[in-house]
Amino acid sequence: MHNTLQNDLDNLDYLLSLTKDKAAAYLTEINEKPVSINNVQVTIPINLPENGIGLEDTIKAFYEQHQDKIVASSGPRYWGFVTGGTTPAAIAGDWLSAVFDQNPQGINGAGDVSANIELQTISWLIQLFGLPSYFKGCFVTGATMSNFTCLAVARQWAGKQKDIDIAREGIKTEIKILTATPHSSAIKSLAMLGLGSNNIITIKTVQGNREAMDTADLEAKLRENKDVPVIVISSGGTVNTVDFDDMQAIADLQKRYPFYWHIDAAFGAFAACSEKYSHLLNGWQFADSITIDCHKWLNVPYDSAIYLVHEKHTALQLQTFQNSNAPYLGDPTTDFSFLNFGPENSRRLRALPAWFALQAYGRNGFRWIVENNVTLANQFSQLLEQKTIFKLTAPTRLNVVCFTVEGEENKSKLASVLEKLKASGKLFISPTSYKGTPCLRAAFVNWRTTEEDILIAIDELIKAS
């Protein structure tokens with residue numbers, strides 16, 4: 001064996017302990033670590049070493065060269081985008097995913113049956129969300145790949161309406177997409193699938209300070225496009241204000257009009273964990289497919305999301321993703337394998353961090369995380385308007401607070417605030433635009449966030465403004 005590899009193998013216990021100590025130190029100090037980067041020097045490219053230095057010196061080299069580029073994105077005051085933290089159980093599961101290094105495919109093969117772990121985890125998540133067991137799912141990298149997978153099945157459904165097998169023949173029919181406030185990942189998925197953003201018909205939103213779909217306008221557009229295959233993309237929580245489309249109304253429309261219904265509920269799905277907020281998703285069980293992101297409110301490490309597809313579309317899903325020219329993989333209709341039902345053939349055991357988290361904290365643990373984050377979002381909203389120059393641009397409906405300052409100086413003021421926050425490194429929030437108004441947006445999805453963090457954030461915003 002190569003000498004350096006042999007040395008690392010001989011000292012594996014010590015080296016893994018060293019790695020663990022480094023990780024534990026980071027997590028122990030995460031509340032004090034900066035959440036943004038300011039004036040980091042660009043690393044000068046170096047040549048690949050001819051002779052490696054071994055793991056211990058590599059750990060040292062990494063911290064010397066790159067420690068200043070690591071921000072506390074899993075810390076309690078990283079409120080940008082919608083970024084969850086990492087619970088202890090999820091971290092343990094993620095570490096073991098790397099140790100075991102499985103490629104979950106089938107459930108009966110002698111070489112690897114880790115797919116059974118994934119099936120169990122999907123079943124637990126379906127139970128967590130209170131969805132029927134006729135939904136079947138799989139882990140993918142994030143909401144973009146989840147939307148991509150679901151919309152690929154939708155595309156196959158659309159072709160079937162015109163007796164076209166799009167997976168084999170390509171797109172030979174017009175397909176329309178109806179949506180009101182889609183996430184950018186859904187638009188990106190449409191582009192990757194060849195469906196094209198120009199085929200989107202924008203549905204009006206409900207009057208007032210809303211982002212939700214006007215179902216009367218949806219019905220009118222469905223009537224206008226009755227001769228064309230239609231895919232409806234609805235929002236289970238919009239990204240700026242967490243507004244929910246009326247799922248039950250859309251389900252009722254599906255009884256009268258033929259369309260494929262996909263719900264992007266990347267983080268809004270977790271409202272189902274709480275009896276206080278589950279009504280926001282009433283009717284979503286009738287959808288054809290659903291996107292849910294786990295590295296948001298489930299607080300597992302990146303990259304982790306699931307897609308759920310109604311089992312009535314199993315044949316369409318198989319047509320879309322099967323490895324039809326690989327006889328060594330077996331008959332996809334009799335030998336179940338995840339690689340015939342999703343876009344990836346090679347996958348890590350992404351389900352394991354979620355399995356650990358669900359086993360460790362259970363339904364009540366995630367109910368607490370959701371309800372605590374919503375409570376903190378409302379406290380932050382109230383203090384913003386009581387103690388700062390900022391004003392809410394929309395009601396805080398769940399866990400995202402969207403706010404701005406009034407007046408002509410709006411845009412420059414917000415830019416200045418963001419620069420000052422970046423310099424302090426104590427609070428990270430995202431810029432956005434809501435109905436044409438420049439805004440800031442704080443998303444509460446981290447299990448570590450406390451009332452103390454709210455007070456620190458308010459203080460930072462006062463100083464920055």
Side-chain angles (χ1 to χ4, degrees), residues 81-84 122 124-132 134-151 153-154 177-190 203 210-213 215 218 231-251 254 260-300 304-310 313 354 366-367 369-370 373-374 397-400 443-445:
F81 315 107
V82 187
T83 303
I122 292 290
W124 281 353
L125 286 167
I126 288 171
Q127 293 173 52
L128 180 71
F129 299 127
L131 286 166
Y134 53 66
F135 280 103
K136 308 301 178 186
C138 176
F139 277 80
V140 288
T141 55
T144 301
M145 286 310 299
S146 177
N147 278 325
F148 175 87
T149 305
C150 293
L151 292 172
V153 178
I177 295 90
L178 308 186
T179 186
T181 314
H183 188 266
S184 62
S185 65
I187 306 300
K188 182 175 182 176
S189 297
L190 293 173
I203 306 300
R210 299 291 305 278
E211 291 184 295
M213 183 183 295
T215 54
L218 173 61
I231 300 168
V232 173
I233 303 175
S234 65
S235 296
T238 57
V239 72
N240 275 338
T241 69
V242 203
D243 208 353
F244 288 75
D245 290 339
D246 188 336
M247 308 295 181
Q248 189 59 60
I250 297 172
Q254 205 173 29
Y260 184 102
W261 178 21
H262 173 61
I263 301 175
D264 185 344
F267 67 94
F270 288 86
C273 295
S274 169
E275 293 178 359
K276 296 179 182 179
Y277 310 111
S278 59
H279 66 277
L280 296 168
L281 292 158
N282 284 349
W284 74 322
Q285 68 271 24
F286 300 113
D288 293 289
S289 59
I290 304 172
T291 281
I292 301 173
D293 218 337
C294 298
H295 54 238
K296 290 183 168 64
W297 230 340
L298 196 67
N299 280 251
V300 302
S304 180
I306 63 170
Y307 62 79
L308 299 176
V309 178
H310 196 299
H313 297 306
F366 287 99
R367 179 187 298 118
I369 290 174
V370 168
N373 282 154
V374 175
R397 298 186 176 97
L398 199 65
N399 64 317
V400 174
F444 293 78
V445 284

- Message: If you apply the rule side chain to side chain contact (heavy atoms under 4.5 Å, CB included), what do you find for N373 with I369, and how did you get there?
- Response: CA-CA 6 Å; N373 282 154; I369 290 174; 3.7 Å; yes
- Going through the checks in order, is the side chain to side chain contact (heavy atoms under 4.5 Å, CB included) test met by L218 and I250? CA-CA 9 Å; L218 173 61; I250 297 172; 4.1 Å; yes
From [X] [atom1] over to [Y] [atom2], what is the distance, rounded to the nearest 0.5 angstrom?
| X | Y | atom1 | atom2 | result |
| --- | --- | --- | --- | --- |
| Y260 | I233 | OH | CD1 | 10.5 Å |
| L178 | I203 | CG | CD1 | 4.5 Å |
| L190 | I231 | CG | CD1 | 7.5 Å |
| N282 | F286 | CG | CZ | 10.0 Å |
| W261 | Q254 | CH2 | CD | 7.0 Å |
| L125 | L298 | CG | CG | 6.0 Å |

To check you understand the geometry: which heavy-atom pair defines the closest contact between [X] and [Y], and what is its length?
| X | Y | value |
| --- | --- | --- |
| D293 | S304 | OD1-O, 3.0 Å |
| N299 | G84 | OD1-C, 4.0 Å |
| C294 | I306 | SG-CG2, 4.1 Å |
| Q285 | P132 | CB-CD, 3.6 Å |
| V400 | A443 | CG2-CB, 4.0 Å |
| M247 | G283 | CB-C, 3.8 Å |

- Query: Is the F139-Y307 ring centre distance short of 6.0 angstrom?
  - Reply: no
- So which of D288, T179, N147 actually passes side chain to side chain donor-acceptor pair (under 3.5 Å) with H262? N147
- Task: Check step by step if side chain to side chain contact (heavy atoms under 4.5 Å, CB included) holds for T238 and F244.
- Result: CA-CA 7 Å; T238 57; F244 288 75; over 6 Å; no
- Task: Could you pull out all residues at least two apart from D243 that satisfy salt bridge (Lys or Arg N to Asp or Glu O under 4.0 Å)?
- Result: R210, R397
Measure from the side-chain N and O atoms of [X] to the backbone N and O of [Y], and report whether any donor-acceptor pair falls under 3.5 Å.
| X | Y | value |
| --- | --- | --- |
| D264 | T291 | no |
| S189 | T144 | yes |
| T149 | M145 | yes |
| S235 | G237 | no |
| S274 | R367 | no |

- Test V374 against F444 for side chain to side chain contact (heavy atoms under 4.5 Å, CB included), laying out the working first. CA-CA 7 Å; V374 175; F444 293 78; over 6 Å; no
Side-chain heavy-atom pair [X], [Y] within 4.5 angstrom cut-off:
| X | Y | result |
| --- | --- | --- |
| F129 | I290 | no |
| S289 | L308 | no |
| L128 | C273 | yes |

- Without hydrogens or angle criteria, can the side chains of N399 and W297 be said to hold a donor-acceptor pair below 3.5 Å? no
- T181 and E211: side chain donor to acceptor below 3.5 Å: no
- Message: Which label fits H310 and Y134: parallel for a plane angle under 30°, tilted from 30 to 60°, or perpendicular past 60°?
- Response: parallel
